[in-house]
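Quick one: the structure is below, questions incoming.
Heads up: numbering here begins at 1 and tracks the sequence. All ligand and atom numbering here is 1-based and tracks the order in the structure.
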Amino acid sequence: QSKEKGKDRYTFFRTDMKTDSEAEAKVELELHDAVKNDQFILVFQPQVNLRSQSITGVEALVRWEHPERGLLSPAEFLPIVEKTSLAPVLGRIVIDTALAAARHWLDSRLDFGRVSINISPSHLASGLLAEHFKEAMVKYNIGPERITAEVLESVFLSDNRSGHLEALEELYDLGVHIELDDFGTGYASLTHVADLPINGLKIDKSFTNQMLQDPKKEAVVNQLIHLARSLNIGIVCEGVETEAQYDRLRMMGDFSIQGYLIARPMTFDRMTDWMTESADDLYYVI
Ligand code: C2E
Ligand code: MG
Ligand code: MG
Ligand code: MG
């Protein structure tokens, strides 16, 4: 009987593997349609200074409005995008849409600090990244002081480290801020951080999540805050979900936080309303 079961499982796996690659090929075709038919949207999540609570940045997060499967999050399609030639294409759309949003907020006199854009490793390696930024900066008349590029810490651990570094230096020279995303998960040597062209670190949410239960995680958070201070770069702590986490972080320093406690990612219209309301709140305090 167990042999029978084993055989079933084998068959199941074979079928599954075949379906997986077929599914992937199908998604790739759909992604091309998605580009053509404008199915990508951005949602936005604010970052605030944990002392003043004023907004310091807005992170743009991509979603795919799939005609049949509904709203898809990046985990469901970015891995496939990364394997195709579409990464720079999608990256360019994201940059364009994010800077269009920034232009709208500036025109509405809403302060948003910087708009943060996630950069995919393939886009970074494509040689097109700085060009795509320049093009959108001119189109929407947005200066580099309004833009942050978030790059995964892990790109510096890849085979193409020097290629990635060159692309980042180009952006850095433009004046665009560069932050290392998901910091603490990629095992980058802390001594290397000092040599990278970066303006800030984003502490990964896995540390924030567990910091109150696990003293080691809290120690890492503390060390990263000190590291950033000594290198004179910024900190954004992501994944802040509870008052207790917020209170603990407040005791550690003066930096920015991002997470469900402040706000969930939201559509452009809701983000605009949120900024308008925050601006009103500040006005009433004065
Ligand atoms: P990330 O850049 O680290 O973005 C933060 C992720 O954490 C987002 O997930 C956000 O919705 C989620 N998040 C925010 N606050 C909290 C919180 O308090 N608790 C928890 N548990 N999660 C929180 P999302 O939007 O699903 O994005 C996942 C990842 O996909 C991003 O991680 C980023 O690496 C990538 N990504 C998103 N948008 C883009 C994009 O436009 N281009 C590229 N290349 N990558 C993107
Ligand atoms: Mg990010
Ligand atoms: Mg992150
Ligand atoms: Mg992440």
Side-chain angles (χ1 to χ4, degrees), residues 31 34-35 39-48 50 57-65 71-84 86-101 114-126 128-129 132-133 136 147-155 164 167 171 177-186 188 198-212 221 224 234-246 249 256-268 270-271:
L31 280 165
V35 168
Q39 289 168 6
F40 295 106
I41 64 157
L42 293 183
V43 290
F44 299 92
Q45 188 181 32
Q47 305 166 341
V48 303
L50 95 182
V58 180
E59 183 171 7
L61 297 159
V62 72
R63 301 288 182 264
W64 179 7
E65 286 186 310
L71 201 63
L72 303 182
S73 60
E76 297 173 89
F77 62 91
L78 278 188
I80 301 172
V81 173
E82 277 299 279
K83 287 196 242 166
T84 68
L86 280 168
V89 178
L90 178 58
R92 186 184 186 193
I93 293 173
V94 168
I95 292 168
D96 184 88
T97 312
L99 295 201
R114 295 171 176 274
V115 65
S116 259
I117 299 169
N118 291 284
I119 307 299
S120 84
S122 310
H123 199 184
L124 194 60
S126 71
L128 298 167
L129 187 64
H132 289 167
F133 268 102
I147 308 170
T148 297
E150 294 191 9
V151 183
L152 292 168
E153 178 195 11
S154 50
V155 301
H164 287 146
L171 267 197
H177 258 220
I178 296 174
E179 288 178 1
L180 287 187
D181 205 352
D182 296 356
F183 196 78
T185 59
I198 55 170
N199 307 91
L201 303 176
K202 290 193 82 176
I203 300 177
D204 190 64
K205 54 178 176 284
S206 61
F207 294 99
T208 321
N209 278 338
Q210 296 165 47
M211 152 181 103
L212 297 181
V221 173
L224 294 182
I235 281 277
V236 180
C237 189
E238 60 176 35
V240 180
E241 294 182 357
T242 68
E243 290 284 350
Q245 289 163 352
Y246 174 75
L249 290 168
S256 291
I257 57 170
Q258 178 179 355
Y260 296 164
L261 179 69
I262 307 302
R264 294 203 169 235
M266 51 195 137
T267 60
F268 171 78
R270 290 196 55 197
M271 188 68 237

Is the Mg ion (ligand 3) less than 2.8 Å from at least one N/O/S atom of Asp181?
yes
Below 4.0 Å from ligand 1: does a non-hydrogen atom of Pro265 turn up there or not?
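Per 4.0 Å heavy-atom rule, Pro265 contacts ligand 1.
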Does only the side chain of Glu59 get under 4.0 Å from ligand 1, or the backbone, or both, or neither? Count heavy atoms.
side chain
Which atom name does Glu150 have for its N/O/S atom nearest to the Mg ion (ligand 2)?
OE1
To make sure I understand the geometry: which N, O or S atom in Asp182 is closest to the Mg ion (ligand 3)?
OD1
Should Ser73 be counted as touching ligand 1, given the test is an N or O pair under 3.5 Å?
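Ser73 vs ligand 1: no N/O contact under 3.5 Å.
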With heavy atoms under 4.0 Å as the rule, classify the contact between Ser120 and ligand 1 as side chain, backbone, both or neither.
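For Ser120, backbone and side-chain atoms both sit under 4.0 Å from ligand 1.
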Take Ile95 and Phe133 through the test side chain to side chain contact (heavy atoms under 4.5 Å, CB included) and record every step on the way to the result.
CA-CA 7 Å; Ile95 292 168; Phe133 268 102; 3.6 Å; yes
Closest N/O/S atom of Glu59 to the Mg ion (ligand 2), by atom name?
OE2
Minimum distance, heavy atoms only, to atom 19 (N) of ligand 1: which one of Lys202, Glu150, Glu241 is it?
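Comparing heavy atoms across Lys202, Glu150, Glu241, the nearest one to atom 19 (N) of ligand 1 lies in Glu241.
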Please confirm if an N, O or S atom belonging to Glu238, backbone or side chain, lies less than 2.8 Å from the Mg ion (ligand 3).
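Coordinating: yes.
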Can you give me the closest heavy-atom contact between Ser122 and Glu82, atom names plus distance?
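Shortest heavy-atom separation between Ser122 and Glu82 comes out as OG-OE1, 2.8 Å.
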